[in-house]
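Here is the structure we will look at.
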Protein chains: 2
Amino acid sequence: MSIDLSELEALDLWRRAIVSSVRLDAPDLTARQMSLLLTVYLTPPPHTVRGLAQTLKVSKPAITRAIDRLSDMDLARRKVDEADRRSVLIQRTVRGSVFLREYGELIVAAARGLKNAKAKGALA
Amino acid sequence: MSIDLSELEALDLWRRAIVSSVRLDAPDLTARQMSLLLTVYLTPPPHTVRGLAQTLKVSKPAITRAIDRLSDMDLARRKVDEADRRSVLIQRTVRGSVFLREYGELIVAAARGLKNAKAKGALA
DNA sequence: TACAAATAGTCCGCTATCGTAACGAACCGA
DNA sequence: TCGGTTCGTTACGATAGCGGACTATTTGTA
């Protein structure tokens, strides 16, 4: 199982996946919101507002707003850190797990479509 | 050169690439704007407003706005179709080509990082 | 017990996007 | 030429995002 791909293939993979998500009318997350969501689900906790702001190099209010939005959609949730009540931990939800699993399937499907197109010579 | 990847690998690839673009303070395009840009650059012309609206299943004004924004950033441009002056053709720009090439490099770099992490067992 | 530091949230004015509906320009067939 | 159709844009009111500055709460320490 390898993941080598040329730039053009990479872009076409990206296109196929993102066009699919737009067509499916998936929650229209911004790049920042998506990067926040993926970071919370795929990198080791704990995840705090300040830590995420540093990781993504965006302002704190941007993180707070992104969490607001993800919370509204029940894709993530806040929990006060009992060890340091100034901090807020951002945690996963069931709905968020389901959403990301489906998103992963969508990317995998895009990769399959790209592979088939290549086999047919549709991509030169 | 193959492009097989599991759902988790796919998501981690996505995370690495999108976090990189956010950190690099790349133009903060929405999913719709990005899907429009990729479609214009990677699928055969001509690209009209109506056609793109159908392809992406979004409203016409949403396409018009996305083109407005991409035009402001000189990532795409409008050209009236001389064969049917009601239609507007969306075309590539040099700056858009450069932007997407860099974006492709970013995804390829994310794939390499993912591969290395796997080799080290960091992804179980 | 005071006081500074750290953390997250709120407020401000501004800009961008949304979908529906209305609009003007261009095309086409009768 | 006239009427309907197609195409893209604009108008509208509503919602959401932005960064910088400020606030409230909690913590650690002198």
Side-chain angles (χ1 to χ4, degrees), chain A residues 18-19 21-40 45-91 99, chain B residues 18-19 21-40 45-91 99:
Chain A
I18 206 165
V19 167
S21 80
V22 169
R23 287 182 57 89
L24 289 173
D25 207 24
D28 194 15
L29 302 180
T30 67
R32 290 178 171 194
Q33 290 162 353
M34 194 63 183
S35 63
L36 173 58
L37 188 63
L38 286 166
T39 297
V40 168
H47 301 292
T48 64
V49 172
R50 163 131 357 239
L52 290 164
Q54 288 173 346
T55 298
L56 303 177
K57 293 217 281 190
V58 299
S59 67
K60 254 189 320 171
I63 299 292
T64 293
R65 277 189 300 266
I67 300 171
D68 286 345
R69 181 118 168 83
L70 294 177
S71 293
D72 287 346
M73 293 188 281
D74 193 28
L75 296 177
R77 65 195 175 90
R78 288 180 168 91
K79 184 178 188 312
V80 172
D81 182 354
E82 289 302 330
D84 181 348
R85 296 183 55 79
R86 289 172 302 182
S87 290
V88 166
L89 305 176
I90 291 81
Q91 302 184 313
F99 171 73
Chain B
I18 206 164
V19 167
S21 80
V22 169
R23 287 181 59 88
L24 289 173
D25 207 24
D28 193 16
L29 302 181
T30 66
R32 288 179 173 191
Q33 290 163 352
M34 193 64 182
S35 64
L36 173 57
L37 187 63
L38 286 166
T39 297
V40 167
H47 301 290
T48 63
V49 172
R50 176 163 296 276
L52 290 164
Q54 289 173 346
T55 297
L56 304 178
K57 293 217 280 192
V58 299
S59 67
K60 264 190 310 174
I63 299 292
T64 292
R65 280 188 298 265
I67 300 171
D68 286 344
R69 179 119 170 81
L70 294 176
S71 294
D72 288 345
M73 294 188 282
D74 193 28
L75 297 177
R77 64 195 176 89
R78 289 180 166 90
K79 184 177 188 312
V80 172
D81 182 354
E82 290 302 331
D84 180 349
R85 297 183 53 78
R86 290 171 302 178
S87 290
V88 167
L89 305 175
I90 292 83
Q91 302 183 313
F99 170 74

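Just so we're clear, the structure is a prediction, and the values are computed from it rather than from any experiment.
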Whole angstroms only, please: what is the [atom1]-[atom2] distance between [X] and [N]?
X	N	atom1	atom2	answer
B:Ile67	C:dA16	CD1	C1'	16 Å
A:His47	C:dA8	NE2	C1'	17 Å
A:Leu29	C:dT17	CG	P	16 Å
B:Arg50	C:dA26	CZ	C1'	14 Å
B:Met73	C:dT15	CE	C1'	14 Å
A:Arg78	C:dT7	CZ	P	17 Å
A:Leu70	D:dA16	CG	C1'	13 Å

query: With respect to the phosphate group of C:dG9, does any side-chain polar atom (N or O) of A:Thr64 fall under 4.0 Å of OP1 or OP2?
result: yes
message: Which is more 5' along DNA chain C, the nucleotide nearest A:Val88 or the one nearest A:Asp25? Just name the residue.
response: A:Val88
query: When you check every protein heavy atom under 4.0 Å of nucleotides 17-30 of chain D, what one-letter string (B, S, -) results, 5' to 3'?
result: SBBBB----BS---
message: If we ignore hydrogens and angles and just use 3.5 Å, is the side chain of B:Arg23 paired with the main-chain N or O of A:Thr55 as donor and acceptor?
response: yes
Mind checking whether [X] and [Y] have side chains closer than 4.5 Å, heavy atoms only?
X	Y	result
B:Leu70	B:Arg78	no
A:Met73	A:Leu29	yes
A:Arg32	B:Asp28	yes
B:Thr48	B:Leu89	yes

- prompt: Which heavy-atom pair separates B:Leu52 from B:Thr39 by the least distance, and what is that distance?
  reply: CD2-CG2, 3.8 Å
